[in-house]
K.L.:
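Next up is a structure, given as structure tokens.
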Amino acid sequence: MSLLVEIIVSLLLVLGGGFALVGSWGLARLPSLMTRLHGPTKATTLGVGSCLIASAIYLPWTTGTYTAHEFLIALFLFITAPVSANMIAKAHIHRQGWRLDPNPADDIVEGLPQTGGPTGWATFWCPPGRQWMGSSLVDGDCIEPPGGSGAS
Amino acid sequence: MIELALKLAFACVSIAILLNLYRLLAGPSRSDRILALDTMVINAIAIIVLFGISQLTTLYFEIALLLAMVGFVSTVAYCKFVLRGDIVE
Amino acid sequence: MLVKLFPHPGLTALLILVWMLLLNNFTLGGLLLGALLGILIPALTAVYWPNRPQIRFGWPILGYLAIVFFDIVIANFQVARLILFRRSKDLRSRWLVIPLELRSPEAIGTLAGTISLTPGTVTSDIAADGRSLLVHMLDVEDEAWEVARIKSRYEARLLRIFQ
Amino acid sequence: MNHLIVLPVLLPAFVAALIMLFRRYTLRIGRTVSIASSLTLLLTAVFLLVQASDGSVASYALGDWRAPFGIVLVLDRLSALMLLLTATLSLLVLWYAIQTDLDRRGWHFHSLFHFQMLGLNGAFLTGDLFNLFVFFEVLLIASYGLMLHGQGAERLKAGVQYVIINLVGSTLFLIAVGVLYGVTGTLNMADMAVRVAAIPPQDQGLLRAAAAVLMSVFALKAALLPLHVWLPRTYANTSPAVAALFAIMTKVGVYSIIRVMTLVFGTGAGEAAWAPAEWMLPAALLTVVIGFAGLLAARGLRDLAAFALIGSTGTLLVAVSLFDEAALAAALYYLPHTTLAAAALFLVTDSVQRRRPENGDSLVPGPRFVSSEALSVLFLMTSIAIVGLPPLSGFVGKLLILEAAQPLPSAPWVWSTILLTTFVGIVALARAGSTLFWKSAAIGEGPLPAARWQRTADLMPATTILLLLAILTVLAGPAMDYMDKAAAQLFLPTAYIEAVLGGQGR
Amino acid sequence: MSLGVLLALPFLGALLCAALYRSSRTVQALAALGANTAAFLLLLSFAPGVIGAGEVVTAKLEWVPSIGLNANLFLDPLGWMFAGLILGIGLLILIYARFYLSPADPMGRFYAFLMLFQGAMLGIVLSDNVLLLIVFWELTSLSSFLLIGFWRARPDAREGARMALAVTAGGGLALLAGVLVLGNIAGSYDLTTILGEREIIQSSPLYPLALGLILVGCFTKSAQFPFHFWLPHAMAAPTPVSAYLHSATMVKAGVFLLARMWPVLAGTDMWFYSVATVGLVTMLIGAAIALFSNDLKALLAYSTVSHLGFLTMLFGFGTPMAAVVGIFHILNHATFKAALFMIAGNIDHEVGTRDARRLGGLLTLMPITATVGIVAAASMAGFPPLNGFLSKEMMLEQAAHTIWADLSWLVPVLATIAAALSVAYSLRFLVHVFLGPKRLDYPRTPHDPPPGMWLPPALLVVLVIAVGLFPAAIAGPLVQSVSGAVIGAEPPYFALKMWHGFTPALLMSALAIAAGAAILWRYAAAESVWTRLPIPVAKALFEGFMRRLVETSYSLDSAIHNGSLQRYLAILFVTAVVLAAGGALTGGGSLTGDRATIPANPVAIIGWLAMIGATAAVIWAQRRRYLALIFISVVGLVVAMGFVHLSAPDLALTQVSVEVVTILLLLLALNMLPRQPPPVSSARRRARDGLIGAVGGVAAGLAAWAVMTRVPNDPISSFHWANAYSGGGGTNVVNVTLVDFRAFDTFGEIIVLGIAALAIFALLETATRGVSGYRLLHWKFETVNSPERHPMMMVVATRLLLPLAIIVGLYIFLRGHNLPGGGFIAGLIFSIAMLMQYMASGFEWADRRARVTRHSLISWGVIIAAATGVGAIVFDAPLFSTAFAHFQLPLVGEFELATAMLFDLGVAITVFGAVMLALAELSHVAQRAEGTIEDDTPMDVDPSRGPREEPA
Amino acid sequence: MSIEFLVASTVAVLTAAGIFLCLRGRTFPVVLGLTMLSYATNVFLFSMGRLVVNRPPIFDEAATDYADPLPQALVLTAIVIAFGMTALVVVLSLRTYLETGTDHVDGDSAPEEECEER
Ligand code: NA
Ligand code: NA
């Protein structure tokens, strides 16, 4: 029994550490932000997840006290990680779209695909007639952002 | 065995943090740095969990919990700043 | 009245569960307090969650969770392989546009989250009319197939959960 | 158990919070509550002074934790004196602020004001070094609020500097307290006094370094050269009424120097005795010189008042840094005098500038203004007080300091500095006054220009201050009796230490 | 007692006159006169005892006994004589002034000042305590400043007043130092005691110091060379003032003090050479300048200088007989000089000029004035049978016997020359003004003034004549008795009489008169010689000195206080480091202690590397602010992780939560700070700052190292550890320390937060108005912004996270007493949760839904925390005493309630309120910069409602 | 390498950076500097209780060794105060900039300090 637990826990730990490393490795070596963005999900999901499971198994087994906080940590991470990623992606396509810090290796150069609907992507789309707030570069109505817009 | 696995895991996550640091410093874009920071926070959570396992204590898990929440808020704020200049509007 | 008391019954349940997990040991007092909080907090914060998504609780949710969990594990290995062994220039990373049938923000949020949590795909943006998602994929062989996979594997299930 | 000692801390806290609650309602409530509370504090301070004047040291164990483990409030003669001074000054300034509608010119004046009093009173009462830090912060942050009250570009600019330099000061304070804890293992000042005496030689360097940094923090607050540099711009750019209240702020630094040096690094401190403050006397002498030179250089009344504050506080610091019992008694007499006198000068400044729409406080002749006669008398009396000429208490104070310094080796320096700077002060203030009141009178003997400000009620607080100074002069004998005993109590801190360490508590 | 009344009367008069500032001039004059007369009568009532019987009246009152500053008064013959001069001449001056001043002059103020001065003068002569004497001494300087500057509109009045104040008050300071030294030698500041300690004083090594300082005081007051220059400029005062101050009172104070101190200070070589020489020189110079002064008042002023030199010289001789002569001349000079000043005033008043060159022939036009003036001037010249002649003769007699540095001729010759000059200027006054032809070009048509203006001088001239004729009868007893007081022994035999036989003095006197007449005869020639003499003008020297003083001060001030915070901070850092280093080096000891160190594991080293890297990056990116903020986050994260590693979970929790709130705050503010990179400082500046930083850093690091490697010194925290659970009811010792052992700190800490929020509110509340509001309104964003304000994903996540965060916060709060957590962290978590909501759905939308005002949250927080503390007092336990108990409830089980938790609740509420107030206010301002958008939706994209706006 | 060395050098580096940044001319770097200084101070103050690994000051009868709770409590107080102060100074800088149009700490739009344009 104890050997089994030890093996499972050890595997989970190695797996967790490994995936955290792989995620960060991806972050470091992949060529563009959008590709790098895939790395950290590994750190989040399997990396931390495995460690948490390992802890959830191992600590009660050794100390005799049960703890459930690992699940809460996981819950929080699972709720927040996609939103973080989404926001980072938005920030990125915004900066790239407006050529604010162009990076030739990046994915937006050839432009975003069309949405398929009448509007553009939320990051760029400004309904006609509405002032594009907070932009001194853009004075009147919407202008066509460089990357991706609605079909119309 | 667990000792060894822990050491390995610690080593992996530590190296991961160094890699994050590299990305954080190297950039090149703002989003890269935000992402690096976000990842670093997640790796820090992993470190805390590993530390808990190695010291046989759950005492520090609330810190991890809080980090998860707070890391999110700051990442979002950094992004919002890039997007809008203003984070609360 | 009941709606006022339980604006989000699912949330109430979740909060009670979280509370019990936080307390870490089961006592009746804890449960009572948790129940109280589970009722009070959603009621107090209801103003910040004005719409009330209709959620069907039951097996579909569990099934969905199981599928997502499974996908996460599998996809993690796939992506790890890509990161470790594929040369950068050989990565066929693409944008996918996923037209949506889901309409409730909560449902779309769940779908987007699912897509992001499963490695290899990141939800990057939503169309300004809310009718499609912009997803970035690390390595795509067949775009149409991937879109269809996401729609059938996740969106279809979510459509059932979020009525 | 006598709980009165906590009132100076508790009441302002409650009152400030309550005024904040009521801020939506009329200002009148705020004013009434504010005045009532200040009066209560004054009465309390008087009561506490009477209580302390019998030489007893009262120690109040907060939370019922006995020293050194909990925080204690300690009432001895010195702290009672400081409480009374604070209460008096703040009541007068409050009166003035209300008279001149200063409290209308921004948000939360009365709350900030009471928080300021809370900080001051706490600092004067606490027997714990870290708690002293906390109250320093309270009084500082309240002072930031008050300093910026009313705003305006110049005030904001000066405020940035004031805030930043004090933040750095707080950092140093923490470092010093930290090392002292690390070396002595305690935070209670009485306990620290006991432990410092037994610090082994290998820890002396660390101990003294920490003490020196601590002194530099206090010196920063006390505006001791070269750390006084922040003061002129700050005080000249806040509203003079607030600057009048701030006259007590430099005294917090002085108080802290006196308290920590005599208690912890005093005669009983063994090897480290008096060591942390050996550099202070030359610095204080130079401070006096710079302060009075600034008086000559000032181009506006506000500058003038700021430098007068530096100069007179410097004089006080000279007396303090002699670290001699008689000199300390003299310093304690001079302390309330200089605080009140500087405050009066700021109030007069405000009254003048309020009445001169074109020239404000600048020292250029301008048209005659409303009640310039009365103001000229006030200015004259205030100048007499500030410079230390007879017949006001400044003279008695300087006399006491000179007399006390006489037997000490540093006497030539002290004497020549004080006397020469007094001379410079006379010249400078005569120049200023003659320009402001006489030369201005020469310009327009015609009808008075219509001014926004026609009342004379705002002259009452400054007049009252002068009256108080007159009383302090007449009653110099009894006052010195108190100060002598207070100095004796400070120089022989065994009673203090026993009262604190032998006090009640769990 | 009655001495006290005597002294108080003038002051009362001053007060009365000030109070009557609205009454008629006559009423004001009567008030002053009343006080003066009463005092004079009271003084006269002492005459039989004091002058007649040689009694000394005393009044003792302790003032500051600890330093021997007593309000002791005494009235001896010397004091009586001076008091008589002060009050007697004062009376005449008051009458004179009533008629002299024009209706435009504020009479009440004038009388108030004059009576104040009179009181101060009286104080000097009545003081039995040298410190008290200084008080009055300086008071005369001050009141004379006011009197001289009475015609404030005149620049010469202002300058003269300031000069007089600077010189006399400055001299007073020297005098103060002198008497302090003297008092310390004698062991008392009481004059009567000091006067008995001649031996001790003169043998003390400090005697020269005391003497020098006291003489500076006397010489400045009495306008002795080289301090003589201020007196003529004081003539800008109204004539009654000049008459009073410069004949009988102010300037005589210095002479009075010489007389007063004579018994203990005089008789040494040092005294002789300093006092007599200065007196002699002053006598000569004053007379010479007087002769060539055209302004009558200047002439009189320099004559006064000269006569004061005369007196000083006499006292300087140090012989009893010379002192007797001095006393006699004090009396005489007061009478004729006061009369002369008033005469000069009358001339000025009636003719409209005081320029001797424009006067002449007034004898027929103003017969009374001229008669009085001629007699007084003749007395000044020393013509018999007037009183001036008597004392001058006696002076010359004394001078004749005085040997100065083995030169027996020097003093007599010089004294004779001075006397000759004195004759010359007196004759000039007499001849050039009253005699000679009438002139046609007077500014006004002169005639005698009203009796009020000629009676007072006439009365004095009567005295001049009377004393001259019957000196022994009128002045004899007084001089006898006063001399006794001055000398401190029976005075030598002297005879006050006109004819002493053919003495050297008579010869000298005759020579002087002849020479004086000759000079006046050839006045024009003499004047042309005089104007060609290269004499440095003392006034210019003084003013140059003052100017240089001001300039030096100004350059010192602007050099030191240049307004640069960078410099101020550098000074602060350097000072702290230098002091610390000084302390460390003088204290000595070892750097490293005996405590075993803990080996660092690789993870810690990597964290350390991350910290170093991030810090370097912050420095590198300081001008690229956004990046700097990201980097600084890493530092915060590493510090938090360090706290985890080093057993400080509470700190880690706090660090993590504070960090994010700080970042949010900085991001909010950053948005509105200028984004263009500021110019960088020069390489030299950076190198300097880097050096300061490095030294400061090393110092802090060494201190940390030194403490960490030492074995703890029995810290008090062992008590906290041992008693946290048993006494505080909690197992988290840190929390128990915060809410129980050191609850008072925590109380202060939340107040700091509350005040910070208030101050922030007060600052930002006005930001939308004025210049700042304009700047906000015309905000130009430097980059393109995305149009999306409230991303859907974020809003959805927040809906779930807000309740979750709240419940986590509650949990952290509740467990804080026993496990890491507590009110502060909980408050921050609530704030973060709410901020998340604000970020997601916008300020307006979220704020409209907030139910509590943030101000009242702060108030309530503070009130709850304080009230918890006060609760203890109700049970007569000290403030902030806590109580806790374990309760058993059916179903629920055992739970603990502690008052400390209530306190912690106050903490949480305050923190929440403060953070929200600050950040909400900041968001509010930021929003103003963007302009308000109608915003009633929580998210921009809401597919459930269909597209919000149909595209065109 | 010991933990003590790491902590001491951390204090040194943070302090040095803090001082350097505080001496800059614009408000933003100065705020950064103050933040750095406050990190440094907190770590410093914390280290005054000496360093212990995994002996958190949670009372336990059985515990023989524990981290000194007092410096931790002090640091907590210091953190809170520093937070309030930072908030204030940030807002003040902003407000001053809005009012005066310059973010130089001396309030001069053309700073006197020696500068070179980069
Ligand atoms: Na993903
Ligand atoms: Na962060």
Side-chain angles (χ1 to χ4, degrees), chain A residues 15 18-19 22-23 25-27 29-32 34-35 37-39 41-42 44-47 49 65-72 75 78-86 88-90 92-94 105 107-108 111-127 148 150, chain C residues 14 17-26 68-69 71-73 75-77 79-84 86-89 91 93-100 109-139 143:
Chain A
L15 191 72
F19 271 96
V22 168
W25 174 242
L27 177 71
R29 75 148 270 226
L30 288 175
S32 69
M34 284 315 298
T35 51
L37 200 47
H38 294 277
T41 40
K42 261 123 286 10
T44 323
T45 53
L46 261 194
T65 52
Y66 288 83
T67 158
H69 289 194
E70 291 90 340
F71 297 108
L72 288 174
L75 179 69
F78 277 44
I79 296 174
T80 57
V83 186
S84 300
N86 178 245
I88 294 172
K90 271 175 178 292
H92 181 69
I93 59 177
H94 169 70
D107 320 66
I108 297 189
L112 296 172
Q114 306 291 311
T115 59
T119 62
W121 298 109
T123 307
F124 294 107
W125 175 255
C126 174
Chain C
L14 179 66
L17 177 69
V18 166
W19 181 252
M20 294 318 290
L21 289 176
L22 281 169
L23 285 188
N24 210 17
N25 61 339
F26 186 89
V68 171
F69 185 73
D71 286 358
I72 286 175
V73 176
N76 252 306
F77 281 98
V79 173
R81 205 190 64 229
L82 287 178
I83 290 177
L84 290 173
R86 182 78 63 87
R87 277 182 298 176
S88 295
K89 63 176 166 55
L91 280 176
S93 59
R94 294 278 186 283
W95 294 106
L96 304 180
V97 177
I98 303 191
L100 292 174
T110 314
L111 175 64
T114 309
I115 292 171
S116 292
L117 278 177
T118 46
T121 47
V122 176
T123 311
S124 305
D125 208 352
I126 188 169
D129 58 0
R131 304 294 162 98
S132 45
L133 284 179
L134 178 67
V135 172
H136 187 265
M137 195 157 178
L138 187 60
D139 189 63
E143 296 180 32

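The sequence lines fix the lettering, A, B, ..., with proteins before strands; numbering per chain opens at 1.
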K.L.:
Of the backbone (N, CA, C, O) and the side chain (C-beta and beyond), which part of A/I88 lies under 4.5 Å from a heavy atom of chain C, both, or neither?
P.N.:
neither

K.L.:
Within a 6.0 Å radius of atom CH2 on C/W19, are there more than 12 heavy atoms belonging to other residues, nucleotides or ligands?
P.N.:
yes

K.L.:
Indicate the atoms forming the closest heavy-atom contact of A/P113 with C/V97, along with that distance.
P.N.:
CG-CG2, 3.4 Å

K.L.:
Rounded to the nearest 0.5 Å, what's the gap from CG on A/L75 to CG on C/L14? Could you check?
P.N.:
6.0 Å

K.L.:
Measuring from atom CH2 of A/W121 to atom CG of C/L134, what distance do you get when rounded to the nearest 0.5 angstrom?
P.N.:
4.5 Å

K.L.:
Specify which of C/L82, C/L133, C/L17 makes the most heavy-atom pairs with chain A at under 4.5 Å.
P.N.:
C/L133

K.L.:
Ignoring hydrogens and angles, state whether a donor on the side chain of C/R131 or A/T115 is under 3.5 Å from an acceptor on the partner side chain.
P.N.:
no

K.L.:
Going from CZ on A/F71 to CG on C/L22, what distance comes out if it is rounded to the nearest 0.5 angstrom?
P.N.:
13.5 Å

K.L.:
Rounded at 0.5 Å granularity, tell me how far CZ in A/R29 sits from CZ in C/R87.
P.N.:
10.0 Å

K.L.:
Restricting to non-hydrogen atoms, name the atom on C/I83 and the atom on A/V22 that form the minimum distance, rounded to 0.1 Å.
P.N.:
CG2-O, 3.8 Å

K.L.:
Using ring pair (Phe, Tyr, Trp, His ring centres under 6.0 Å) as the criterion, list what pairs up with C/F77, not counting sequence neighbours.
P.N.:
A/F19

K.L.:
If you measure from OG1 on A/T123 to CD1 on C/I126, what distance do you get to the nearest 0.5 Å?
P.N.:
10.0 Å

K.L.:
Shortest non-hydrogen contact from A/P82 to C/G113?
P.N.:
CB-CA, 3.5 Å

K.L.:
Please report the closest heavy-atom contact between A/H38 and C/G120, naming both atoms and the distance.
P.N.:
CE1-O, 3.1 Å

K.L.:
Heavy atoms only: give me the nearest A/T119-C/A128 pair and the separation to one decimal.
P.N.:
OG1-N, 3.4 Å

K.L.:
Contact part of A/L15 toward chain C, heavy-atom cut-off under 4.5 Å: side chain, backbone, both or neither?
P.N.:
side chain

K.L.:
Can you list everything that forms a salt bridge (charged side-chain N to carboxylate O under 4.0 Å, His left out) with C/D139? Sequence neighbours excluded, please.
P.N.:
C/R86, C/R92

K.L.:
Any chance you could measure A/H69, atom NE2, to C/L23, atom CG, to the nearest 0.5 Å?
P.N.:
7.5 Å

K.L.:
Quick check: closest heavy atoms across C/S93 and A/T35, and the distance to 0.1 Å?
P.N.:
OG-CG2, 3.8 Å

K.L.:
Contact between A/F78 and C/V68 at the side-chain level, heavy atoms closer than 4.5 Å - yes or no?
P.N.:
no

